[in-house]
Amino acid sequence: MNESQVVELSDGNGTLVMNMRSYHDEHSRGRATSTDGGATWTPVTHDHQLVESRCQASIFHYGPYNGKQLVLFSSPAVPVGRTHMTIRVSVDNAQSWSYATLIHEGPSAYSSLARLPNGEVGLFFEAGDESPYETMRFISIPVSELLPESFNN
């Protein structure tokens with residue numbers, strides 16, 4: 001495991017989730033949790049909902065939106081190769097990833113997510129037409145566009 005990121009959940013217990021690039025040939029992200037501020041961690045499991053092809057990814061706690069706490073995750077969402085940059089959304093503290101939005105179908109690689117001052121989601125990522133390393137791209141997207149219309153009403 002490497003290229004890890006940690007996110008604090010909104011469960012009221014200060015639970016941390018470490019999300020990791022995995023070399024265990026499971027084509028999914030590694031995951032461990034801590035309930036003591038990171039002093040100890042559970043054994044690593046794999047989150048098979050987060051398909052990956054051994055690539056860095058980004059995860060962060062967006063915060064409240066329409067009564068739910070959102071956790072967002074971005075990566076190339078394919079088991080082999082680096083294509084299909086996708087943002088996934090969890091509304092249950094990263095237990096499941098109910099919503100996915102394809103951002104760039106072509107070659108793509110490393111990414112970084114952020115909540116912008118206007119509340120939109122910023123995504124900075126490697127992308128191209130022939131190779132994922134041709135350009136660095138930045139998009140700003142309203143969080144409402146990452147969720148189904150029924151969630152926004």
Let me have the donor-acceptor pairs involving side chains of residues 51-58, under 3.5 Å, with sequence neighbours excluded, atom names and distances please.
residue: Glu52; atom: OE1; partner: Arg29; partner atom: NH1; Å: 2.7
residue: Glu52; atom: OE2; partner: Ser22; partner atom: N; Å: 2.9
residue: Ser53; atom: OG; partner: Gly81; partner atom: O; Å: 2.2
residue: Arg54; atom: NH2; partner: Asp25; partner atom: OD1; Å: 2.3
residue: Gln56; atom: OE1; partner: Ser111; partner atom: N; Å: 2.8
residue: Gln56; atom: NE2; partner: Ser111; partner atom: O; Å: 3.0
residue: Ser58; atom: OG; partner: Leu113; partner atom: N; Å: 2.9

With sequence neighbours excluded, residues passing side chain to side chain donor-acceptor pair (under 3.5 Å) with Asn66
none
Thr101 meets the side-chain contact (heavy atoms from CB on, under 4.5 Å) criterion, sequence neighbours left out, with Ile103, Leu146
Test: salt bridge (charged side-chain N to carboxylate O under 4.0 Å, His left out). Region: residues 8-24. Which pairs qualify, not counting sequence neighbours?
Glu3-Arg21
If you compare all heavy atoms of His27 against all heavy atoms of Val80, which two are closest, and at what distance to 0.1 Å?
CE1-CG2, 4.3 Å
Test ring pair (Phe, Tyr, Trp, His ring centres under 6.0 Å) applied to His46 - qualifying residues, sequence neighbours left out:
His24
Sequence neighbours excluded, the answer for side chain to side chain donor-acceptor pair (under 3.5 Å) partners of Ser75 is none
Any salt bridge (charged side-chain N to carboxylate O under 4.0 Å, His left out) pairs touching residues 120-132, not counting sequence neighbours?
none
Nearest heavy-atom pair of His61 and Leu70: which atoms, and what distance?
CD2-O, 3.2 Å
With sequence neighbours excluded, residues passing salt bridge (Lys or Arg N to Asp or Glu O under 4.0 Å) with Glu134
none
Which ILVMFWY residues are connected to Leu116, directly or by a chain of links, through side-chain heavy atoms under 4.5 Å apart?
Phe124, Met136, Phe138
Quick one: side chain to side chain donor-acceptor pair (under 3.5 Å) partners of Ser34, sequence neighbours excluded?
Asp36
Under the salt bridge (charged side-chain N to carboxylate O under 4.0 Å, His left out) definition, can you give me all pairs with a residue in residues 65-89, not counting sequence neighbours?
none
Quick one: side chain to side chain donor-acceptor pair (under 3.5 Å) partners of His104, sequence neighbours excluded?
Arg137
